[in-house]
Participant: 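Handing you a structure now.
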Amino acid sequence: MVRLSAWVLAVCSAAHGAGPQKALIVDGQNNHPWQATTPLLKKILEDTNLFQVDVATTPPKGGDMSAFRPNFAAYALVVSNYNGEAWPQATQKAFADFVNKGGGVVIVHAADNAFPEWKEYNEMIGLGGWGDRNEKSGPYLRYRDEKFVKDNTPGRGGSHGAQHEFRVDIRNPTHAITKGLPPSFMHAKDELYDRLRGPAEHITVLATAYSEVSTRGTGEHEPVLMVIGHGRGRIFHTTLGHSPEAMSCVGFIVTTQRGAEWAATGRVKQTVPKDYPMGQVSTRKLD
Ligand code: ZN
């Protein structure tokens, strides 16, 4: 009887997701300071008490990538802070299998620059930039009449203007990630990615930011937070997070935490904290 109770308890606790789930941050190559930002992402995730975080680091650029074989299947969530050389075929397949079987993924900032040639990765991220992306990579997503429409106009995929503070506008307030958040937040100084292109399938844009021409932007409401479905997997993609300063923004922290929980579990139980930014930038010390 005791044994049965313990078994029932174990099953119930697994079913209700009690206790932290395992998450993996992937880094090792990036045109951004991943050595500084990975510890911040780890803290952001672990501060939710929902995740216990490991880090898998690739060899540096030009190194022997053949031994980079993380066991993605052991995790509920993979967070990419990686923008570098191609992974071995077997690692790409293991990552795609992980997502197709229902794994959660968070794509942070320049992780959407990675792997321009990897078709399935681009389906997972929905939109990407740089790496010679252009009209062959897929359409732009443009905000027109309160909807997002595909725009196949030829042109480059991915650029940004000068870094600055900008407002992020929630465009889908009913998704689990954004439900209960104020309609906008002021974001700390960051790059505002624009002109991203990609397959843009099974994608829902949750938030945009207006890319001002005066900061060398596009004059468009650019997608900055989005979710993508791929197989049975869920992907949360944030274009925010260029630097430690950008990651210290409570808007970045909270949307990343909520996006991570949703990607891993399909729901969000976190509440909106009191320091969530409204009219002005709000930051937290993470290190
Ligand atoms: Zn950047």
Side-chain angles (χ1 to χ4, degrees), residues 25-45 55 57-58 60-61 79-85 105-116 118 121-122 124-134 137 140-141 155-168 185-198 205-218 220-226 235-256 259-260 281 283-284 286-287:
I25 299 174
V26 179
D27 66 11
Q29 295 181 27
N30 203 317
N31 58 328
H32 291 72
W34 59 269
Q35 295 95 335
T37 55
T38 287
L40 306 184
L41 290 169
K42 185 172 191 290
K43 178 159 171 51
I44 287 169
L45 294 170
V55 179
T57 300
T58 67
K61 194 172 179 183
V79 177
S80 180
N81 192 23
Y82 183 84
N83 175 22
E85 291 169 326
V105 174
V106 174
I107 297 292
V108 179
H109 193 61
D112 73 14
N113 301 187
F115 309 134
W118 179 5
Y121 182 78
N122 284 276
M124 293 179 207
I125 65 175
L127 296 172
W130 294 270
D132 295 327
R133 283 175 172 87
N134 58 25
S137 314
Y140 300 116
L141 270 192
R156 65 173 298 162
S159 61
H160 62 75
Q163 291 183 47
H164 61 295
E165 294 181 356
F166 51 86
R167 196 184 72 216
V168 173
F185 69 84
M186 271 311 289
H187 183 42
K189 187 173 131 186
D190 202 343
E191 283 173 350
L192 203 177
Y193 275 6
D194 64 53
R195 285 180 262 237
L196 299 181
R197 320 190 66 130
V205 178
L206 301 182
T208 60
Y210 186 68
S211 174
E212 299 267 4
V213 173
S214 64
T215 53
R216 292 186 281 112
T218 53
E220 296 277 358
H221 293 276
E222 297 287 350
V224 294
L225 304 179
M226 56 206 112
I235 296 99
F236 172 69
H237 176 173
T238 178
T239 70
L240 308 177
H242 168 76
S243 63
E245 181 182 6
M247 287 189 181
S248 73
C249 171
V250 179
F252 175 83
I253 294 169
V254 170
T255 52
T256 301
V281 172
T283 59
R284 261 185 226 169
L286 289 168
D287 50 5

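Values in this document were obtained by computation on a predicted structure and should not be read as measured data. Whatever order the structure lists ligands and atoms in, that order sets their numbers, starting from 1.
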Participant: Could you tell me which N, O or S atom of H242 is nearest to the Zn ion (ligand 1)?
Facilitator: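 For H242, the N/O/S atom sitting closest to the Zn ion (ligand 1) is ND1.
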Participant: Rounded to the nearest 0.5 Å, what's the gap from CG on L41 to CD1 on I253? Could you check?
Facilitator: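 One finds 10.0 Å between CG of L41 and CD1 of I253.
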Participant: To 10°, measure the NE2(H109)-the Zn ion (ligand 1)-OE1(E191) angle for me.
Facilitator: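 About 90° at the Zn ion (ligand 1).
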Participant: Please report the interatomic distance CG(N113) to CG(N30), rounded to the nearest 0.5 Å.
Facilitator: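 One gets 8.0 Å once the value is rounded to the nearest 0.5 Å.
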Participant: For the Zn ion (ligand 1), what is the closest N, O or S atom on H32?
Facilitator: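 The nearest such atom is NE2.
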Participant: Any side-chain to backbone donor/acceptor pair from D190 onto F166? Under 3.5 Å, distance only.
Facilitator: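 No, because the side chain of D190 does not come within donor-acceptor range (under 3.5 Å) of the backbone of F166.
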Participant: Got a donor-acceptor contact below 3.5 angstrom from the R195 side chain to the G129 backbone?
Facilitator: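 No; judged by distance alone, with no hydrogens or angles, the pair does not exist.
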